[in-house]
Amino acid sequence: MNNGTTTTQRVTITYTAPPNFLASEHWKQVYAALLSQLPLRNLHWKSSFRPNIRTIQELDVTFVSAETRRDDSHTSQIPQTVLEKPLLNAYIVVCDDADTYKNTVKKQIKDWHSNVTQRKNQEWLIIHVVRPDSKAASQRLFQIKTSVLDKIKADFNVEKRDRCVQLVWSYDHDNPTAWAEFINKVKEGLLCAFDAAITQREEEVRRSEGQRQMPGWNFCTFFILKESLATSFEGMNLHEDALDTYNELEALFFEVLKEKNLSWFGTLITPAPKDDSVPLLSTSKKPYRDLILANTITIFDFRTYLLARQCIILRGMRHLIEVAQKSVAFLSAFGRRLREVEQGSLPKYFVEAWAYASALSVVEQCDAWAKGLEFPKVALANFNALKGELIELARHQLDIVGINVGHLPSRPPFSIALPSRIPRDASNQVVDQSSQKITQADMLKALEDKETFYSLYSKITNRAIELYAAAGRRKFALKMHGSLAALDVHRGRLSSALQTFSSLPAHYAPHGWTSLEAYMLSQALDIHASVGKAKDRDWVYILLDFLKAYIQDLGKDLLLTGPDHVAYVTGLVDALTAAARDAPTEMTHHDHPAFSVEIPSSDAKTVEKRDGAILDVNIHCSLPCPLPIDEVSVTLSGRDGSKIIFVDKVSSLEPGKNALSLFCHSASAGTYSLHSTQVKMSNLTLQWVHSPPPTGKQSRVKRPPVLVRVPRDLHAVDVRLRQPQRIQLGTAPSIVAVFTSGRNEIRSAILKLSAPSGVKFLYKDASASSEDQVLLEHGTDSATLSDIAPGQTILLSMPHTDASAYHAMRVNITVEYTTAAEPDVVRILQLVRYVLTALPVAINVEDFFRGTRLFTRFTLSSTSPQHVRILSTELVSQGPGDDGLKITKCISPSRRLTTITPAQPGRFLFQLDSARGEERDPLHLKIRYRMLREEVEQVMESIIDDVIVESEALALRRPEILDILVQALEKDPAWVSLYEVTGELVIPNVTAGEDDIGQALVQIKKLLDKSRRLEEFPGEWREIIIPVDVPQMHILAAASLRISSNPFSADPSKALDLFAGQPIHAILTIRTSFHWAPMEDSHTKSYRMRFDVEELSKDWLVSGRKRGDFVAVDDETFTTSITLIALHHGELALPKVAVTALPLPGEHRMKAQMLPSCETYQIHGAQTVLVLPRGGRSTFVVSMGDSA
Amino acid sequence: MPPQLRLNAVAFVSSQNHPILIRTFSQPKQDELKYHYIAHTSLDVIDERITAAGATKSTECYLGLLYVEDVAVYGYMTPLKVKIIIALELSDNVVRDIDVITISQALHTAYRRSVANPFLRLHAPSDNVTDHAVVVSAGSQKWKLFRERVDEICRAVTLPAAA
């Protein structure tokens, strides 16, 4: 193969020297040294016609003897490269002696010089070689040595330029400084000559081009002339200029082509025998230049030659990518032209064979050229990509040939390669006018044998895939894979084709290339059908994917069934229905875009006749045919994760909008968000999840959730929770579930309660309120009620484990019930209720002992912001009958309701009189109360009942009326204070309508606005029973301080005047009683005690035994006396006496000394004594007015 | 006179490589697949060009001849990275870049005017002004005007040749 560079003319330098020197050994050394300095590097060519300096990195130079060049004949008129002739002629002088020079050498140089200077566009140079030994000698004879070079210069340098150079010869010829001047001179000379030659040649070219419009101008001649410029540049390694020249030539060619002036050429193509199989990028396969000169070159050959030359130059610039690029463009464009114009005169399949062979040869050539070159990563990928394009081009030729021969069917993707403007079947009828045959070996073999063709086809395709993969052109590779699969289909290798076609769509889907995706999928479906494989799960998924792509805009573009694609899809949908029916397992497909769900109204509706709600849903179906389905369901999710499902049985979804009303039989009221939709088609479920879970990174656009409000159905089954009517502390706590059946006659209802706080409900102890005739069954985790009449309300008391840690308890209620009307429907109602577990009132107890009596004061205050209405309090002994404990209540003048609030507690006082002192039976405090809200509701209900008795229609609206009134009261608390005192209920701001309800409301308002005695109002009262223990006290001490007028007085009762400062005798008595002592300590007969008289240092001085111990015995009195001195006059309270019990000797409990409990009260606690001012002497200080 | 150009197909591809519109003007229906393939495979070449342009910090919209495959495929990328792919009938004549650029710019204008249609955003969520789906939906069959504009450009390209 011709690699291009060998033909390039190199720059030539001739040398001349005296023959005796040329024969010498010395010359051989010099010559070798000269050659070692080549090639020349870094030449800078400053052309007068070019704006920039061109730099030649490296230039090879041929150094020849002038004798060998002399016989060159310059007779040819064909413009040759300017490098044909030497650019520089050198004369080598070896002469140290001025005399020798003058006598002989000068003459020799003169002869040479006169010869050389006559030549056009050539430079000359005289090199004076100085021996190193002579140089040593010349140092002594300095003036002589210089004179030789100077003489040469003087004799021959006619212009300013110095064309003489001295080469100081030394054996270490590596020394660059020795050569620098010489090399510079050589470069200078070469460039100067080259510039002159080029300038002249360019002038000629310009002149010729200027004559283009004149008769007689010949494009081919011009081409050869201008091409000589290009080859000259190439020889100088000025590749860019060379390429520019060829590009200009190409442009000119196209211009000529456009002018349709092709008389300089032969025919478009005269196919030579091997034309279709020789390498494209070879300039030596035909004598192109001769053909051009003879004006007989065909356009085919001419353009091939032009391309090859351009590519060779590009190769010199190492632009292999452009080589491939140019070749692809040329092969496609020119191949097309050949097909268009000369279809009949070429051997059959000539164009295809030519393009095929050329493309492959370019790839080979590029690979050969690329050897040893290193590409950066991006360029390498690019290079591979372009090689891939070339291979693909070759593959397309196979497509064309294959279709024509009949190896391949004439349908996509094979027919893609067919040139679009030629009628597809015309190429089959081409008469083979040419007797020649194509010669491309692969092609010939492939034409004959189908299998060879197929293997060649897949080999070439795989090669293209590999190259594209290496180039990172994934999408090109996918296309190739698609065509391989299509080949498999044609060859009947259906399973591998199916595999490819079912894996390809995944590559097209992500970016919405639905047209290609749909095409691949429909291929897969077709294959599936033709294989007759079972329509299994995979098939269903392929089909669903296909439908997904199909409904997109672009998806229909590539369906080959054309306008009949509706029938095609209908067939598929029918098959899908069958497959879904026969599928062994459930299949779920998510988010199929063929259907979209819309909820037109955000409110669900209640049904009049039965429990449940209806939701209107629009389902938009994008398929062109009806889709038979079984049911549609919409799931809404509530606040606490509860889900309600609206279902409707639908037989099919029509194309376009389907308005459906879905029914949910157990929808509890509240706001829900649209969660998911399901369309069920026997075993296939299409599912759309509308509100994805908030966790996880969601890249998709966040849309607000679709909200649906389910209204409250006042006539539906409902369960509410409340505290029991009667709360008894100390027993198991319980709550009351209020079950209302509403409009339903209920067969059975299973009630399940659960509390997230962990409180357990004790179903086995549950009991229904006694007045209802209801069957109650206890399960381990549920309670079942049966046979409940419509409108019935059942109170179910449900004990539970301790919940005192919580103020309120959340309870999730699940009710499963069946009604008599619809015995098959199990409704499941999920409710969340909150119930207070704390007592509504807080209780404080204070006890006061007085001998055998005990006063107990209870302070009740509300624990919640609600007002509590207290009807009565009662303290009852739990002991058997007459036990001697007499409880007396503080009698209030009238039976009145007491309202307690957190700010305003209520106090209730009881007196207990224990006769025997041994009663220890527990007491119960019973509080009857109701919350203000309950009371008001009861009042309203009774009034409403009174009013609506008159009308049957209103009876049904009772819950609504109550609802309106309650809401009105909730808005404004101004009615509370009036109501609490008078019982008048003023309903604020109710706008009464004109209908029945409005009239009823007016009437009710009027009735409510009357004063009523709420104590007598019949209503439910709640009861709290609080166990209270009778308090115990070991020792009850009654201390008394009595002033005895005079210790010596016989009549102590006689009042005595007391004076301040006067010692007063007082008797201290402490009476101790063990009446309230605990039973277990009743054996103790005495306690050691200590008394202490209080110091009142401002009022009294106490002297005597103010503190002391004594032994207390039941019902005994300890007496002692002290002396008091009043410190000032006035009404003075006597000092208090503190009495404390001393620890019991010897009794220890928990290492602490046992201290008996003891309470002391002062008998004289309220007594005062009048102390008179001291008589006798009084001092009066009279102010004299000076400080006023 | 500019050389005769024949516009075979035009494709608009969104910034995220979603096809917006693929319009083919050549007659046989079978060629649709070819032009869809061309639009799709061109993206690979455009990616290469963008990488190359990124290296040189070029802001040129016109990406030049992408590749040749029976038709000449040219690429153009708008500043918002919408790719316009033009398939010209391959001819042996020189196709001037300026002609292709003119066609590209006309197509770009057609697209721009269509995307400016406020009704495109009728059902789009209001909080997302740069919704990609909106851009893609401009090519949907609902909006006929865009197609008409593109077809008109195609006619204008081929008309002077026919005249």
Side-chain angles (χ1 to χ4, degrees), chain A residues 250-251 254-255 257-258 303 325 328-334 336-337 340 378 381-382 385-386 389 392-393 396 410-413 415-421 424 468 471-479 482 508 510-516 519 552-554 557-558 560 562 701-704, chain B residues 1 3 6 8 13-14 16-24 26-45 47-49 51-52 55 65 67-72 87 89-95 124-125 127-128 131-133 136-137 139-143:
Chain A
E250 191 180 20
F254 279 114
E255 218 165 300
L257 195 69
K258 218 168 73 184
R303 295 204 51 185
Q325 224 163 13
V328 177
F330 172 74
L331 286 175
S332 341
F334 195 64
R336 185 180 180 80
R337 187 174 163 79
E340 278 170 18
V378 177
N382 243 323
L386 282 157
E389 281 182 28
E392 195 187 336
L393 184 91
H396 283 169
S410 176
R411 61 155 194 255
S415 62
I416 283 178
L418 289 185
S420 51
R421 264 206 258 170
R424 260 150 238 263
Y468 281 142
R473 285 194 176 178
R474 207 171 54 84
K475 298 182 177 81
F476 280 89
L478 286 178
K479 185 170 86 168
Y508 292 111
H511 287 300
W513 287 85
T514 46
S515 51
L516 293 168
Y519 172 74
Q552 309 288 332
D553 260 355
L554 286 167
D557 283 3
L558 296 181
L560 305 177
V701 185
K702 269 193 184 168
R703 286 168 195 274
Chain B
M1 194 193 91
R6 237 186 107 82
N8 273 10
V13 180
S14 80
Q16 294 176 24
N17 286 354
H18 286 237
I20 298 171
L21 178 72
I22 299 174
R23 200 93 181 109
T24 53
S26 65
Q27 275 314 306
K29 173 87 168 109
Q30 293 196 328
D31 272 358
E32 292 265 316
L33 177 64
K34 169 165 144 186
Y35 292 113
H36 281 254
Y37 264 140
I38 286 176
H40 189 241
T41 48
S42 295
L43 296 177
D44 269 346
V45 190
D47 277 349
E48 285 171 16
R49 296 289 160 90
T51 320
L65 179 67
Y67 69 107
V68 174
E69 180 206 289
D70 187 44
V71 290
E89 180 83 35
L90 195 60
S91 76
D92 208 12
N93 296 317
V94 177
V95 175
D127 55 339
N128 193 348
D131 195 356
H132 181 247
V136 173
S137 69
S140 86
Q141 267 167 355
K142 265 197 288 190
W143 312 105

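Since we're looking at a predicted model, the values are computed, not measured. Below, chains carry the letters A, B, ... as their sequence lines are ordered, and counting in each starts from 1.
- For B:Tyr37 and A:Tyr519, the distance between ring centers is not under 6.0 angstrom.
- Scanning both residues, A:Leu516 and B:Leu33, for their nearest heavy atoms gives CD2-CD1, 3.8 Å.
- Heavy atoms closer than 4.5 Å to chain B are found in the side chain of A:Glu392, but not in its backbone.
- For chain A, the nearby parts of B:Ala39 are the backbone and the side chain; heavy atoms of each come within less than 4.5 Å.
- For B:Thr41 against A:Phe476, the heavy-atom pair with the smallest separation is O-CE1, 3.2 Å.
- Annotation for B:His36 and A:Trp513: closest pair O-CZ3, 4.1 Å, computed over non-hydrogen atoms.
- Inter-residue side-chain proximity for A:Lys479 and B:His40 is flagged as unmet; no heavy-atom pair is nearer than 4.5 Å.
- In terms of heavy-atom proximity, A:Arg473 sits nearest to B:Asp44 at C-OD2, 2.9 Å.
- If you measure heavy-atom distances from A:Ala385 to chain B, the contacts under 4.5 Å come from the side chain alone.
- With a threshold of 4.5 angstrom between heavy atoms, A:Tyr508 approaches chain B through side-chain atoms but not through N, CA, C or O.
- A distance of 10.0 Å separates CG of B:Asp47 from CZ of A:Arg474, quoted to the nearest 0.5 Å.
- Ranking A:Ala471, A:Ser332, A:Ala251, A:Ala329 against chain B, the residue ahead of the rest is A:Ser332, based on heavy-atom pairs under 4.5 Å.
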